[in-house]
Each structure stands twice: as C-alpha cells, then as structure tokens.
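These notes are about the structure you will find just below.
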Amino acid sequence: MGSLALSRADVLDQPAPSIAGEVARIARQELAPLAAGIDEGTVYPAEVLRKFGSVGAWGSHVPHEGPADLRCAIQAMAAIGEVCGATAFMAWCQNTLVWYAANSTNVKLAKRFGDAFSTGRVLGGTGLSNPMKSFFGIEKLKLKGRKVEGGYIVRGALPWVSNLGPDHYFGTIFEREDEPGSASGAPGTVMFLADCSDPAITLTPCKPFLAMDGTGTYGVQFRDVFVPDELILADPAAPFVKKIRAGFILLQAGMALGVIKDCINIMGEVDAPLGHINRYLPQQPVHFHELAAELEAETMALARDPYNEEETYWRKVIALRLRAGEASVAAAHAAMLHCGARGYLRSHRAQRRLREAYFVAIVTPATKQLRKMLAES
C-alpha cells in the first residue's frame, strides 16, 4: 500500500461528524437554495426535513433510561436557523412531536411512532398553542372530547398548526365535556396525537403570513373525530404537560440562536463597504457575539436537565426564552440598519431575518405571555 493509504484503524480513529455538523452541511447545500421559496410559501421542504432526520437531527433528545439531554437538538436547530428561520421552526415542530411520543407512558403509541417520528420517516407538529395559552388564563380550550368505547370523540377547531400535510401527525389537547370539574373547578384534559389522514379532520390553508408561508401551516377542523386509545399521549394531560413543558420551551432557543447568528453574519458581510459609517450605530456585531455566546451557554446549561421540577429552574427557562426572543428582534433590527438601503431590497435576506425574528418573539409562548408567566410564577 502507498504511504497515503489509510488503514481501517486509521479510519476508525477519525472523528465522526457531529449531528449538528451534518445538519449544517445539509442546510448549506440543500436548504439554502429553498429558503426564499419557503419564505414565500411556494416550497414545503419535506425531503430536506426527512434528510435532517436521517442524520439524527430529530432523535438526539429522546430520553434514555431516564435522563434526557436537549443540547444536540438545539444546536442542530440553530444550524438550520442560521440558513432558514422558517425551517428552524418546522424543526422545532418535529422535535416537539418526538418529545411528546418519547415521554408518553402509552407503550403502544411509543412503539408505533417513536422511530417513525425521530428518524423523520413521519413528519408532523404540535397543536399546543391554544392549550398553552389556556393553561395560563389567556384563552379557553378550543377542542372538546367525550369518552366512548375504545377512545374519545373530539370536535372543535384550531386556527394555526404547523408542519402539517395529509400524512402528518401532531400532538394537541382537548377538554373533557363529559367529566365534572376537579376540586379546583377545572374539567379534565387529555393529550393525544391527531392523524391528519383521518377523513373527519380537515386541513384548511391559512391566509398569507408576513413570512414563513412554506411551513405547512393550516387551520384544523375536528368533526366528531374518533381518537382511539392507541393515540392517547396522556390522560390526564396536566401532569404530562408539566413534565414536557421545559423541553417544549427550551427547544425554541434553537430558532433564536440561528437567527441571531446569521444577523451577525449579515453585519459582517457589509463591514467592508459600510464599516466606515456603520461604526456610528450603537449596536455592533461584537455586542451580539457576546449576547449570543451568553444565551447559548445558558441554554446549554438548562438543556442538560429538562426534567428539573424546581420552580427556580422553570423561572430560568421562561426568562431565557424571553431574552432569546427579544435578542432575535434586536439582532435583526441591527442587521437591517447595518445593511442600509441594500437590506431594504425584497431579495436581501436581512429583511427576511427581521420578519423571522418577529415570529420568534410572538410564537407561543409569546413575549407578552412569557412576561405574564414570570409575573405570576
């Protein structure tokens, strides 16, 4: 053999590419050309989402023998978000769906869907926007259900659920209308998987959004849908939601970190032609480098222990999510000002980043809900 040949031992000694690294490679090569179409609503990137799943993007946070670790999932999502904020949002949807199935005590459900969701063979999302608002006194639950033999009959409508299609699934919650309230006066709630292929479930395209129209977002109508026991994630839902809530919120940090990092990139790209005048702007790339590093360090620390039941931990999760949303908007605003007129072109990604950043700040739990949660916790 020649001197340049590698033995099998040499090959085995080479460091394996990290999941986040593989995700970043796919994002640069295959997602980047689609980003404008996803933003405009002409593309839903199903195949790229499945490819991310094939390299482990959706499975790294599945609990193993008790503990769970969200760090790799967040890093992978940030790598996606650095290219396309809309796809980072779909990544969060897929990761939360995996999170629900992985934490369910329904053995049949976990066996049927665990690998399918975590590998990306089956795609889907989360319908917890309305339930999360209802739990904090902002809205009332929009879905109602009653017990029948072998499951429940569910009716109602959800206005916006993302990362959906005719063969997708999503997790959501209904209120039991056939059960008296508990000692606190609240009726029982049940969390379940909705099967979009069910003929009693109707997906209705939403009116055009400001951005991110290619995210598979629909209004969902339930017309007396039979939900079998095999699709029940948790009954009752409340203890389950308490277990998964920190993970649900922490995973959103990946969207914020990706957007912030690319806003820093944008500011760097215009430094050569515009640095002589941009130096008079109050917010400089170095400020956001420091902020991103601080947010990432805090996120990684919290993401190691998503089952922590201490109230101080929960407050830290809420506070981090609030700061991440506000930092996304600040970074995108600064990027626009650094770009000046060139960033005002419809074709420039700086204005896409601004629109995506606003989404990070208003997706459930939104800035105002997070402030309410902190005030009441």
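Sequence neighbours left out, the pairs with a member in residues 268-286 that pass salt bridge (Lys or Arg N to Asp or Glu O under 4.0 Å) are Glu269-Arg349. Applying the salt bridge (Lys or Arg N to Asp or Glu O under 4.0 Å) test to every pair with at least one member in residues 233-248, sequence neighbours left out, gives these pairs: Arg245-Glu311. Annotation: salt bridge (Lys or Arg N to Asp or Glu O under 4.0 Å) contacts involving residues 219-231, sequence neighbours excluded, comprise Lys147-Asp229. Among residue pairs with one or both ends in residues 26-36, those qualifying as side-chain hydrogen bond (donor to acceptor under 3.5 Å, both in side chains) are Arg25-Gln29, Glu30-Lys51; sequence neighbours excluded. A salt bridge (Lys or Arg N to Asp or Glu O under 4.0 Å) check over residues 332-341, counting only residues at least two apart or in different chains, returns nothing. The list of ring-ring contact (aromatic ring centres under 6.0 Å, His included) pairs with a residue in residues 243-275, not counting sequence neighbours, reads Trp92-Phe248.
Nearest heavy-atom pair across Asn95 and Ala57 is OD1-O, 3.5 Å.
Residues meeting the side-chain hydrogen bond (donor to acceptor under 3.5 Å, both in side chains) test with Ser60, sequence neighbours left out: none. Ala301 pairs by the side-chain contact (heavy atoms from CB on, under 4.5 Å) definition with nothing, not counting sequence neighbours. In terms of the ring-ring contact (aromatic ring centres under 6.0 Å, His included) criterion, Phe288 has no residue partners (sequence neighbours excluded). With sequence neighbours left out, Tyr344 forms a ring-ring contact (aromatic ring centres under 6.0 Å, His included) with no residue at all.
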Please set out all donor-acceptor pairs under 3.5 angstrom arising from side-chain atoms of residues 135-145, sequence neighbours excluded.
unit_1 : atom_1 : unit_2 : atom_2 : d
Glu139 : OE1    : Asn130 : ND2    : 2.8
Lys144 : NZ     : Leu141 : O      : 3.4
Lys144 : NZ     : Glu175 : OE2    : 2.9

Solution key, residues 75-88 side-chain donor-acceptor pairs under 3.5 Å, sequence neighbours excluded:
unit_1 : atom_1 : unit_2 : atom_2 : d
Glu82  : OE2    : Asn265 : ND2    : 3.0

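Within the 4.5 Å cutoff, no side-chain heavy atoms of Val220 are placed close to those of Thr202.
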